[in-house]
Amino acid sequence: MQRNSFYNRDIVSIKDIDKQDLERVFSYTDKLRNFTPNEKTELGRGRVLGSVFYEPSTRTRMSFEAAMASLGGSSLGISDPKSSSIEKGESLADTIRIMDLYSDIVVLRHPLDGSSRFACELSRNPVINGGSGSEEHPTQAMLDLYTIIKEKRRIDGLNIGMIGDLKYGRTVYSLLYGLSYYDVKIHLISPVSLKIRMESLYEVKNKLRIQEHTTLEDILPKLDIIYVTRIQRERFPDLQEYENVKGSYVIDIEVLKKAKSDVSIMHPMPRMDEISQSVDNTTNAIYFKQAAYGKDLRAALLALILNENIS
Amino acid sequence: MQRNSFYNRDIVSIKDIDKQDLERVFSYTDKLRNFTPNEKTELGRGRVLGSVFYEPSTRTRMSFEAAMASLGGSSLGISDPKSSSIEKGESLADTIRIMDLYSDIVVLRHPLDGSSRFACELSRNPVINGGSGSEEHPTQAMLDLYTIIKEKRRIDGLNIGMIGDLKYGRTVYSLLYGLSYYDVKIHLISPVSLKIRMESLYEVKNKLRIQEHTTLEDILPKLDIIYVTRIQRERFPDLQEYENVKGSYVIDIEVLKKAKSDVSIMHPMPRMDEISQSVDNTTNAIYFKQAAYGKDLRAALLALILNENIS
Amino acid sequence: MQRNSFYNRDIVSIKDIDKQDLERVFSYTDKLRNFTPNEKTELGRGRVLGSVFYEPSTRTRMSFEAAMASLGGSSLGISDPKSSSIEKGESLADTIRIMDLYSDIVVLRHPLDGSSRFACELSRNPVINGGSGSEEHPTQAMLDLYTIIKEKRRIDGLNIGMIGDLKYGRTVYSLLYGLSYYDVKIHLISPVSLKIRMESLYEVKNKLRIQEHTTLEDILPKLDIIYVTRIQRERFPDLQEYENVKGSYVIDIEVLKKAKSDVSIMHPMPRMDEISQSVDNTTNAIYFKQAAYGKDLRAALLALILNENIS
């Protein structure tokens with residue numbers, strides 16, 4: 001049997017993953033979801049995931065831990081820099097090198113761009129970028145794409161809106177790079193001060209058809225997907241502007257009434273006020289499914305990285 | 001084989017568990033204690049326990065983790081709301097829903113009454129109440145009853161004293177509900193200001209024979225069990241009252257001398273000064289055994305919830 | 001087959017472990033390193049390591065967790081006294097006793113001398129000293145010796161320098177006791193105020209040939225091993241002295257130039273400024289290998305403690 005293309009491979013950026021690779025992960029995720037618990041545990045038994053989180057992230061870290069546990073493996077690591085050797089002043093390089101020695105795969109979450117690439121240079125074992133800097137969160141992009149395919153049965157031809165803080169949200173950039181493999185129309189909806197940084201999209205600008213909006217209203221009826229992100233008060237230099245805009249980026253039942261009946265609402269979670277709880281029980285809300293697909297996709301990815309002869 | 005009555009079931013309140021159910025758990029706990037480590041790991045391999053603890057509780061959380069590990073499964077979760085998405089402002093509902101997606105069973109500890117019932121509504125998978133509000137701690141009640149049976153060989157006919165802070169201790173209420181299935185005499189010993197809230201016992205008042213006392217002395221010679229709970233200084237509106245009473249609720253060697261020679265001392269742990277360390281090495285002290293039985297009973301309960309065809 | 005001499009055994013002090021025992025662990029570590037992941041998981045499946053850390057120690061705790069995970073077992077415990085029952089005021093004795101009931105082996109890190117011996121008295125299951133007081137860290141000494149053997153192919157005949165804070169570093173004392181089984185020359189290099197406490201070495205003084213130095217320079221060309229430890233600013237009563245000496249205890253490329261070409265640099269980690277990063281990529285730097293050997297040796301030790309019939 002052929003070696004799978006993810007075996008022993010670093011996952012640093014969505015830019016490194018071509019469409020064929022994406023489809024391999026999606027197809028193996030489908031397969032894994034039909035495995036029994038016992039079959040899954042053949043894929044990671046005795047293997048260890050080492051997580052190094054310089055920023056707190058309950059969602060991403062627990063999703064990886066749950067994925068690893070479902071494969072019969074274990075997780076250990078640093079979830080809070082304050083209670084670790086990092087606090088004693090250990091360098092990122094040393095922390096990565098040691099975690100690499102203690103585990104079979106390292107997941108790194110770090111505020112600096114390039115941190116994961118740096119970690120790969122230091123590690124014997126594969127490194128997964130669990131979110132770095134302001135632009136990279138490759139496994140989030142993969143699970144977002146997988147969610148769209150599962151719920152919409154296709155990505156091509158969709159009108160995809162992304163709303164909220166598009167300037168600082170790393171999931172948005174990674175997802176846009178991922179969407180560049182598909183034939184979609186992108187609608188970016190944000191206050192002027194939180195517009196996407198176009199210079200960060202230069203590699204995909206020509207492949208993506210992007211329209212920018214400051215209000216949701218006009219474009220709403222056309223959207224198949226609304227990908228919602230948090231707007232954090234502290235991002236606004238002017239609090240008055242925050243007070244002015246925050247309401248207009250909330251998805252609630254009134255918004256759904258003006259949208260396509262089958263519009264799907266996504267969110268990387270955790271969700272605050274930007275999606276009203278009244279939306280939760282509609283069929284449009286797919287953000288919890290998204291979290292579940294995320295665990296399955298990460299389990300599939302870990303399995304592919306750890307096992308040479310599966311696909 | 002018949003489906004066991006705990007398969008896939010929520011454990012919210014001791015009130016939902018009838019005597020036959022209790023005996024099923026006790027009998028399966030007996031069975032499990034004779035399994036080899038390898039036999040146990042057949043019961044939870046690749047399965048995940050998700051703990052969500054809004055109040056710190058080393059004992060309960062580690063007991064569940066140890067139980068799950070003995071079954072070959074894993075645990076993950078939130079042990080400290082301060083370092084998680086909860087801190088970012090995520091709602092209880094979202095936290096539960098996501099943890100449910102990441103795990104096979106959720107254990108919830110929460111300060112509010114009704115929190116576990118609420119969690120069940122939101123979860124696909126079973127939820128276990130790991131302590132909620134001021135009254136519910138069903139697995140503690142189960143392990144307390146199991147401990148009595150193992151150490152006393154019966155529950156019927158016993159004189160059971162419960163001493164300390166009976167107003168705020170949730171273990172006391174759950175245990176009293178559990179004891180209502182048996183023919184026991186209950187002696188409640190507490191300062192006036194920490195007396196049990198009788199309104200919380202209305203459902204079992206007619207089934208339990210309860211006598212209340214403010215001092216241990218008179219009733220001491222009759223007791224077969226003394227169930228000791230912590231008296232927390234901060235519960236007293238008047239610190240002078242605390243200083244007056246605290247000494248009279250301490251179990252030490254002098255107290256044991258006036259008690260039945262085979263009286264058993266229990267405590268839900270952690271224990272502070274309310275049981276003197278001089279008692280630890282007597283055969284009357286069964287509070288450490290109680291912790292050990294607790295791990296075994298929780299392992300049995302988890303196994304029954306996870307596996308349809310065992311009993 | 002004969003019962004192995006580590007089966008069910010406490011590891012409190014390097015002084016309790018004779019040379020034959022050391023060689024048994026080393027030889028089983030060699031063996032284990034050639035096992036497949038699946039073979040390793042036969043050695044600890046369903047078994048639980050309970051860690052009780054009263055001092056933070058990411059390195060030691062994660063090394064044990066990684067070792068246990070590689071054997072297919074689990075870890076749980078208290079890594080931060082502040083978020084546990086310890087904070088509520090629970091005694092060391094109770095914490096140990098409960099952890100003992102929840103696990104198959106307890107690892108204890110505690111600031112007091114004698115804490116591990118005390119823990120053994122209270123536990124049914126084996127206790128491993130994960131560092132106590134100012135002198136004992138037996139598994140660190142074992143892994144240090146193992147590292148020397150693997151990298152130098154022998155211990156006898158070597159000139160071993162130990163540099164830095166020799167007064168307060170517990171690893172130094174444990175390693176010196178371990179080295180007393182071998183025919184080595186020891187060179188202790190430290191500022192006067194951080195000299196080794198000779199009274200703590202009285203049991204091995206006659207077996208070890210020790211020379212003390214205040215500077216590295218003169219002895220440097222003779223050394224086969226330089227074991228570097230941290231110099232902590234807060235150890236100096238006089239900060240001016242700290243400023244005077246700190247630079248002279250740093251290992252960098254300039255120091256390597258004056259040393260034997262095959263000198264090996266060791267460090268118990270975490271490393272701060274006492275070894276320059278420029279040394280990391282030389283073949284002299286073996287401190288990362290040391291961490292990796294450490295995980296393997298601890299896995300071997302855990303396996304020997306848990307399994308009667310291996311060797």
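Residue numbering restarts at 1 for every chain, and letters A, B, ... go by the order of the sequence lines.
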Interatomic spacing from OG1 in A:Thr41 to CZ in B:Arg47 - rounded to 0.5 Å: 11.0 Å
Closest heavy-atom pair and its distance - B:Ile78, A:Met62: CG1-SD, 4.2 Å
Which heavy atom of A:Pro37 sits nearest a heavy atom of B:Arg45, and at what distance? CB-O, 4.4 Å
Neighbours of chain B found in residues 287-305 of chain A - heavy atoms under 4.5 Å: A:Phe288, A:Ala291, A:Ala292, A:Lys295
Nearest-0.5 Å distance that lies between atom CZ in A:Arg271 and atom CD in B:Glu90: 8.5 Å
Is it the case that atom CG in B:Asp273 sees more than 12 heavy atoms from other parts of the structure closer than 6.0 Å? no
Does any backbone or side-chain atom of A:Asp280 lie under 4.5 Å from a heavy atom of chain B? Answer side chain, backbone, both or neither. side chain
Which atom of B:Arg97 lies closest to which atom of A:Asn281, heavy atoms considered: NH1-OD1, 4.3 Å
Any non-hydrogen side-chain atom of A:Glu65 less than 4.5 Å from a side-chain atom of B:Val48? no
Which heavy atom in A:Gly73 sits nearest to a heavy atom in B:Ser74, and how many Å separate them? O-OG, 4.2 Å
Check whether A:Met68 gets within reach of chain B through its side chain, its backbone, both or neither, counting any heavy atom under 4.5 Å. neither
